[in-house]
Protein chains: 2
Amino acid sequence: MFKKILIAEDHQSSNISVQKTLQDLTIDNADYVYYCDHAFSWLKNAIRDQDPYEVLITDLSFEEDNTIQQITNGIDLIKATRAIQPDLKVIVFSVESRPSIIDDLFKVHGIDGYVRKARHDADHLKEALRAVYNHKSYQPSDVKQSIRDKNSYEFTTVDIAIVSLLYQGELQKNIPQCLKRRNIKPSSLSSVEKRLNLMKETLGFTKNEQLAVYCKEKGLI
Amino acid sequence: MFKKILIAEDHQSSNISVQKTLQDLTIDNADYVYYCDHAFSWLKNAIRDQDPYEVLITDLSFEEDNTIQQITNGIDLIKATRAIQPDLKVIVFSVESRPSIIDDLFKVHGIDGYVRKARHDADHLKEALRAVYNHKSYQPSDVKQSIRDKNSYEFTTVDIAIVSLLYQGELQKNIPQCLKRRNIKPSSLSSVEKRLNLMKETLGFTKNEQLAVYCKEKGLI
DNA sequence: TGATGCTTTACGGGAACCCGTAAAAATCAG
DNA sequence: CTGATTTTTACGGGTTCCCGTAAAGCATCA
């Protein structure tokens, strides 16, 4: 099993239980920090001392407080880490359940495991560590399930651009110009109207307000 | 210090760390459950056995899974509990940070302490237990702070009703009828327009879509 | 090449919404 | 009760949005 692990997690209670979970796996050399900047320092220092960490277990969202930080969230921490230690195994431990976000973590940021904070998260974390140790990636089944669920409507690039612009306060009649400026293809006012209608009809909405809230909650905009 | 405590928390990792926190306070007789229904059973049985719990520490949101539950969230658990054991001390331990929701817990549901899952939550939980043991209520300072912060705009009953109706898909021109049906006072179309304009102007928005997302995120609708 | 089907665009009438003004109603002080 | 102030309502013209239809663009295939 892994020997040297770093935990980056701002919630004290989560941090404590991750420590305990690692103890159960007889991993004694686990360090824990509450800020991304600290995590990055520890990772750097470990490399300098020629005793690098094998695994980083990190949360995604870190709350701001009065101590100013350079790195403010898990994704930026992962990006920064990749630059100095590309082979570090990364397991993300977060409440995030939106498939689009989790997919990105694997596909764009190349993480090795994802454990969602939920009913059996401590057990899942153990499974994840074992899987990653055996050079497999770990993604719990319920996430894959919700990927399927989510396919109630397949949002295209245009769809997301349109709703984003609306949410930013753009007038509908001005959206064609914005789309043309960004070289997004169907850009006429008719097309914008058509896409909006299709989205609303598919999702059972009648007003743009509902659509905006829906997209915002899903993390699409 | 308290002797007999029940923990209702669906996240295994949070549950573990609450247990550990109670151990630190040398509270050995702490039971823990992962479902509200179980919590309610344990509370009932303890009363039947004439050895009732002194404190309930509970989360607010419990995730659904394949086991169907009667009580599905912390607030309903608190309500049910109040009916069978009104003097039970209740400490809520949740990620919820919206002041309107937390205020309700104290004012409507009469809880004794609130600890937000955050950077020093384990320490705060200890403080809360000590405070409640000394017959004081416990509400961390950062919540009170955010109550003040939130006062960028004071939403009235009408405001919330209007945005809710919009979010439910009601046409703006039909909202006056809805308001009259509910006996909400300024109900003319002009008033609706005026309130909407005031809200948007104060919050720096130009479109209803932005307002709807804002209110939804704040838990106002 | 030209016929065919699909997507995108253009346009126009009507509905909903925005905004300013003014009347009506409610509130309040003296 | 009266007059002044504020709040609420009523109304109208201009803009934006909705929606249906028709034309234009574009790829496919005989």
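The model shown is predicted, which means the values in this text are computed figures rather than measured ones. Below, chain A is the first sequence line, B the second, and so on; all start at residue 1.
- Applying the side-chain hydrogen bond (donor to acceptor under 3.5 Å, both in side chains) test to Asp59(A) and every residue at least two apart in sequence or in another chain returns Lys117(A).
- Screening Thr21(B), Asp121(B), Asp123(B), Asn15(B) for a side-chain hydrogen bond (donor to acceptor under 3.5 Å, both in side chains) involving Ser13(A) leaves a single residue, Asp121(B).
- Put simply, CD on Glu170(B) is 12 Å from P on dA16(C), counting in whole angstrom units.
- Residue Glu201(B) contributes atom CD, which lies 14 Å from atom C1' of dC18(C) at whole-angstrom precision.
- When the side-chain hydrogen bond (donor to acceptor under 3.5 Å, both in side chains) test is applied to Asp104(A), no partner is found at least two apart in sequence or on another chain.
- Using cut-offs of 30° and 60° for the angle between ring planes, the Phe205(A) and Tyr214(A) rings count as perpendicular.
- Side-chain N/O atoms of Lys207(A) include one lying less than 4.0 angstrom from OP1 or OP2 on dC17(C).
- Spacing between atom CG of Asn208(B) and atom P of dC19(C) amounts to 10 Å, rounded to whole angstrom units.
- Residues from residues 171-189 of chain A that place a heavy atom under 4.0 Å from any atom of DNA chain D, listed by number: Leu171(A), Gln172(A), Lys173(A).
- For the pair Glu9(A) (side chain) and His11(A) (backbone), a donor-acceptor distance under 3.5 Å is present.
- Among residues two or more places apart in sequence or in another chain, the side-chain hydrogen bond (donor to acceptor under 3.5 Å, both in side chains) test is passed with Asn73(A) by Asp76(A).
- Arg182(A) CZ to Thr157(A) OG1: the interatomic distance, rounded to the nearest 0.5 Å, is 10.5 Å.
- With a cutoff of under 4.0 Å to any heavy atom of chain A, the contacted region of DNA chain D is bounded 5' to 3' by dT16(D) to dC19(D).
- Annotation: side-chain hydrogen bond (donor to acceptor under 3.5 Å, both in side chains) contacts of Ser190(A) (sequence neighbours excluded): none.
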